[in-house]
Protein chains: 2
Amino acid sequence: MNETFKALADPTRRQIIALLKERDMTAGDIAEHFNISKPSISHHLNLLKQANIILDQRQGQFIYYSLNATVFQELISWFMQLGNFGGKEGD
Amino acid sequence: MNETFKALADPTRRQIIALLKERDMTAGDIAEHFNISKPSISHHLNLLKQANIILDQRQGQFIYYSLNATVFQELISWFMQLGNFGGKEGD
DNA sequence: TATATATTTAGATAATTGACTAAATATATA
DNA sequence: TATATATTTAGTCAATTATCTAAATATATA
């Protein structure tokens with residue numbers, strides 16, 4: 001869980017997540033949306049992968065990245081249990 | 001939003017959140033649950049406060065900290081829109 | 001006022017992190 | 001095999017962060 005939160009604690013990585021929400025993309029496609037070097041993007045992708053937030057799948061020369069919805073479900077659960085959201089209001 | 005995610009990206013701070021989920025506590029009460037110095041705890045509390053995750057309220061010599069549920073609602077929304085969770089399964 | 005308790009602020013330091021360039025690896029194709 | 005493209009790995013460096021001790025501030029009370 002710590003890896004996951006740390007992975008989310010960076011604006012570039014959250015932007016990558018936002019991009020992957022729209023469609024699966026290659027590392028190169030993703031890199032083109034930023035002003036930072038490809039190795040740096042690769043590093044961010046790696047952290048997101050370690051955190052289980054994204055999945056990768058090689059297709060020939062390309063590696064396609066996609067979101068792993070499962071992790072977001074878990075995160076939502078984590079937040080839900082904090083606030084007793086949506087539950088019974090009885091004290 | 002970045003401040004919020006960064007505040008969550010630390011195990012000590014998430015443990016503080018877990019403690020405050022149970023009941024409001026003074027800075028000293030919180031510090032007793034950890035093996036780190038009070039100034040360090042104070043620093044973590046400050047980051048959580050900046051991130052709007054906790055609220056503080058002085059009562060005499062003591063400062064009581066409590067969770068700010070509003071922020072968690074916002075975070076849940078953030079995650080929800082990523083995965084189209086719980087929505088229409090069409091497409 | 002003087003003293004005790006609760007907490008924060010200041011300043012220093014070691015560890016972590018995000019960025020870079022250069023080099024390596026994997027695949028496709030001539 | 002040789003070459004081109006896509007991506008990662010390695011190594012370095014500056015900025016950020018978590019921690020500490022010492023000192024300052026705020027409140028309560030004798």
Side-chain angles (χ1 to χ4, degrees), chain A residues 1-68 71 75, chain B residues 1-68 71 75:
Chain A
M1 205 64 168
N2 193 38
E3 255 179 336
T4 308
F5 278 108
K6 276 162 80 168
L8 289 169
D10 178 275
T12 300
R13 289 194 288 270
R14 288 198 305 280
Q15 233 178 301
I16 290 174
I17 291 170
L19 285 173
L20 293 179
K21 188 207 160 190
E22 299 309 317
R23 62 178 178 85
D24 297 356
M25 293 174 92
T26 67
D29 290 339
I30 293 167
E32 279 183 5
H33 287 80
F34 298 89
N35 270 333
I36 58 187
S37 69
K38 284 177 184 186
S40 294
I41 293 293
S42 181
H43 178 235
H44 285 306
L45 289 172
N46 190 248
L47 288 181
L48 288 167
K49 203 167 76 177
Q50 297 302 320
N52 220 26
I53 289 174
I54 62 175
L55 307 169
D56 64 333
Q57 186 189 358
R58 181 176 279 275
Q59 256 175 58
Q61 303 164 277
F62 302 91
I63 296 177
Y64 278 85
Y65 286 93
S66 57
L67 285 187
N68 176 13
V71 153
L75 284 162
Chain B
M1 205 66 169
N2 193 38
E3 253 180 337
T4 309
F5 277 110
K6 276 162 80 167
L8 289 169
D10 178 276
T12 300
R13 290 195 287 270
R14 288 198 305 279
Q15 232 178 301
I16 290 174
I17 290 170
L19 286 172
L20 292 179
K21 189 207 159 188
E22 299 308 317
R23 63 179 177 83
D24 296 356
M25 294 174 91
T26 68
D29 290 339
I30 292 167
E32 281 182 3
H33 287 80
F34 297 90
N35 270 333
I36 58 186
S37 70
K38 284 177 185 189
S40 293
I41 293 293
S42 182
H43 178 236
H44 285 306
L45 290 171
N46 190 248
L47 288 182
L48 288 167
K49 203 167 76 177
Q50 297 303 318
N52 220 27
I53 290 173
I54 62 175
L55 307 169
D56 64 333
Q57 185 187 1
R58 181 176 280 274
Q59 257 174 59
Q61 302 166 276
F62 301 92
I63 297 176
Y64 278 85
Y65 285 94
S66 57
L67 285 188
N68 176 14
V71 154
L75 284 163

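The sequence lines fix the lettering, A, B, ..., with proteins before strands; numbering per chain opens at 1.
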**OP:** Would you please confirm or rule out a distance under 4.0 Å between OP1 or OP2 of D/dT17 and any side-chain N or O of B/Lys6?
**Re:** yes
Original post:
Closest heavy-atom contact between B/Met25 and B/Leu20?
Top reply: N-CD2, 3.8 Å
Original post:
To the nearest Å, how far apart are A/Tyr64 OH and C/dA26 P?
Top reply: 20 Å
Original post:
Atom CG of A/Asp56 and atom P of C/dT25: how far apart are they, to the nearest Å?
Top reply: 19 Å
Original post:
Rounded to the nearest Å, what distance is computed from the CD1 atom of residue B/Ile63 to the P atom of nucleotide C/dT5?
Top reply: 18 Å
Subject >> 5' priority, DNA chain C, between A/Arg58 and A/Ser40 [closest heavy atom] >> reply: A/Ser40
Original post:
Can a side chain N or O of B/Ser37 be found less than 4.0 Å away from OP1 or OP2 on D/dT21?
Top reply: no
**OP:** Check every strand shown and say whether B/Asn46 touches a base, only sugar-phosphate, or nothing at a heavy-atom separation below 4.0 Å.
**Re:** nothing
**OP:** Look at the side chain of B/Gln61 and decide which nucleotide, out of C/dT21, D/dT21, D/dT27, has an atom nearest to it.
**Re:** D/dT27
Original post:
When you check the phosphate oxygens OP1 and OP2 of C/dT7, does a side-chain N or O of B/Thr26 lie under 4.0 Å from one of them?
Top reply: yes
Subject >> B/Asn46 (side chain) donor-acceptor with B/His43 (main chain) under 3.5 angstrom >> reply: no
Original post:
Which of the following nucleotides, D/dT7, C/dT8, D/dT19, is nearest to the side chain of B/His43?
Top reply: D/dT19
Original post:
A/Phe62 has a side chain; which of C/dT21, D/dT7, C/dT8 sits nearest to it?
Top reply: D/dT7
Original post:
Any donor and acceptor pair, going by atom type alone, linking the side chain of A/Arg58 with main-chain N or O of A/Ile63 inside 3.5 Å?
Top reply: no
Subject >> A/Leu55 and A/Lys49, any side-chain heavy atoms less than 4.5 Å apart >> reply: no
**OP:** Pick base, sugar-phosphate or nothing for B/Ile30, based on heavy-atom distances below 4.0 Å to the nucleic acid.
**Re:** nothing
**OP:** Grab the CG-P distance between A/Leu45 and C/dA19 for me, whole Å please.
**Re:** 12 Å
Original post:
If you check the B/Pro39 side chain, which of C/dA10, D/dA18, C/dG18 turns out closest?
Top reply: C/dA10
Subject >> A/Asp10 CG to D/dT16 P, straight-line distance once rounded to whole Å >> reply: 13 Å
Original post:
Does the side chain of A/Tyr65 get closer than 4.0 angstrom to OP1 or OP2 of D/dT8 through an N or O atom?
Top reply: yes
Subject >> Below 4.0 Å: OP1/OP2 of D/dT19 and any side-chain N or O of B/His44 >> reply: yes
**OP:** Could you check how far CG of B/Leu47 sits from P of C/dT9, rounded to whole Å?
**Re:** 12 Å
Original post:
Rounded to whole angstroms, how far apart are CG on A/Asn35 and P on C/dG18?
Top reply: 18 Å
**OP:** Calculate the interatomic distance between A/Gln15 atom CD and C/dG18 atom C1'; express it in whole Å.
**Re:** 15 Å
Original post:
If you measure from OH on A/Tyr64 to CD on A/Gln57, what distance do you get to the nearest 0.5 Å?
Top reply: 10.0 Å
Subject >> Nucleotide opposite D/dT19 in a Watson-Crick or G-U pair, distances under 3.5 Å >> reply: C/dA12
Subject >> Mate of D/dT27 where both pairing distances stay under 3.5 Å, Watson-Crick or G-U >> reply: C/dA4
Original post:
Got a donor-acceptor contact below 3.5 angstrom from the B/Arg13 side chain to the B/Lys6 backbone?
Top reply: yes
